[in-house]
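Chain identifiers are assigned alphabetically (A, B, ...) following the order of the sequence lines, protein sequences preceding nucleic acid strands; residue numbering begins at 1 within each chain.
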Amino acid sequence: ETGVTQSPTHLIKTRGQQVTLRCSSQSGHNTVSWYQQALGQGPQFIFQYYREEENGRGNFPPRFSGLQFPNYSSELNVNALELDDSALYLCASSPGDQETQYFGPGTRLLVL
Amino acid sequence: GENVEQHPSTLSVQEGDSAVIKCTYSDSASNYFPWYKQELGKGPQLIIDIRSNVGEKKDQRIAVTLNKTAKHFSLHITETQPEDSAVYFCAASILSNYQLIWGAGTKLIIKP
């Protein structure tokens, strides 16, 4: 059984650019959640996708958007990058929208 | 909304001793409480979770206790080993609400 994978592992962007982060969910999981983790802090919920539909959203602006594909993999898109967007972006998959979440290794984004 | 407080922020224990990390939550509707371990450069790894219909759960050297009346839950690690050194996060959620709300983390240091 393959775990949650994320790509790329590291990324450097400049302010104002756009970025796309990718996540492959664990086999058999139909739900993907995205979190932002700033250095030294706990993760903050961005949004969740369940069977290709957004299933809830945290306190993040609309420039954070996402997609889930028929194979349940997912993308996180961030437009108009700001310096404060520098963080570790974590993807978690679960076998349902009310089930235990299993995390990938994260993508570390640095915005200069 | 839900708020989770975690203490202590840093915990240093002698190898072989026990470690206890405590969390409190604010929303009495919360009914799911996972604990994650995060090593440097990696995503959070689920180590144990508990639902509100259970007061205690144990898995080998790790146990979690939940006091719904006082709205707090604790992680207990016995016979600590060097590989237990990491940052530990507690979280809480209402299962129908899919969002995990995280504590700020505890850095556990195991002294040889």
For A:Gln37 and B:Phe89, the nearest pair of non-hydrogen atoms, with its separation, is NE2-CZ, 3.5 Å

(Q) Taking atom CG as the centre, does A:Leu39 end up with more than 12 heavy-atom neighbours from other residues, nucleotides or ligands that are less than 6.0 angstrom away? (A) no

Would you say A:Leu112 has more than 12 foreign heavy atoms packed within less than 6.0 Å of its CG? yes

Identify whether B:Val13 and B:Tyr88 are in the same connected component of the hydrophobic contact network (ILVMFWY, side-chain heavy atoms under 4.5 Å). yes

Of A:Gly40, A:Pro43, A:Gly42, the largest count of non-hydrogen pairs under 4.5 angstrom with chain B goes to A:Pro43

Separation between CG (B:Leu100) and OG1 (A:Thr100), nearest 0.5 Å, reads 9.0 Å

If you apply the rule side-chain contact (heavy atoms from CB on, under 4.5 Å), what do you find for A:Leu88 with B:Gln38, and how did you get there? CA-CA 12 Å; A:Leu88 181 68; B:Gln38 188 172 28; 3.9 Å; yes

Correct closest heavy-atom pair for B:Gln99 and A:Arg57 would be NE2-O, 3.6 Å

_Within the structure provided, determine whether B:Ile101 and A:Phe45 are in side-chain contact (heavy-atom separation under 4.5 Å)._
no

All heavy atoms of B:Pro44 vs all of A:Phe103, minimum pair found to be O-CB, 3.3 Å

| said: Any heavy-atom pair between the side chains of B:Tyr36 and A:Gln101 that's under 4.5 Å? | reply: yes

Whatever's closer than 4.5 Å to a heavy atom in chain B on A:Phe47 counts as neither

Practice item. Could you tell me whether B:Glu83 atom CD has more than 12 heavy atoms of other residues or ligands within 6.0 Å of it? Key: yes

| query | Just wondering, more than 12 heavy atoms not from B:Gln60 lying within 6.0 Å of its CD? | reply | no

Is it the case that atom CD in B:Glu79 sees more than 12 heavy atoms from other parts of the structure closer than 6.0 Å?
no

Open item on the list: Is it the case that over 12 heavy atoms from other parts of the model lie below 6.0 angstrom from the CZ atom of A:Arg15?
Closed with: no

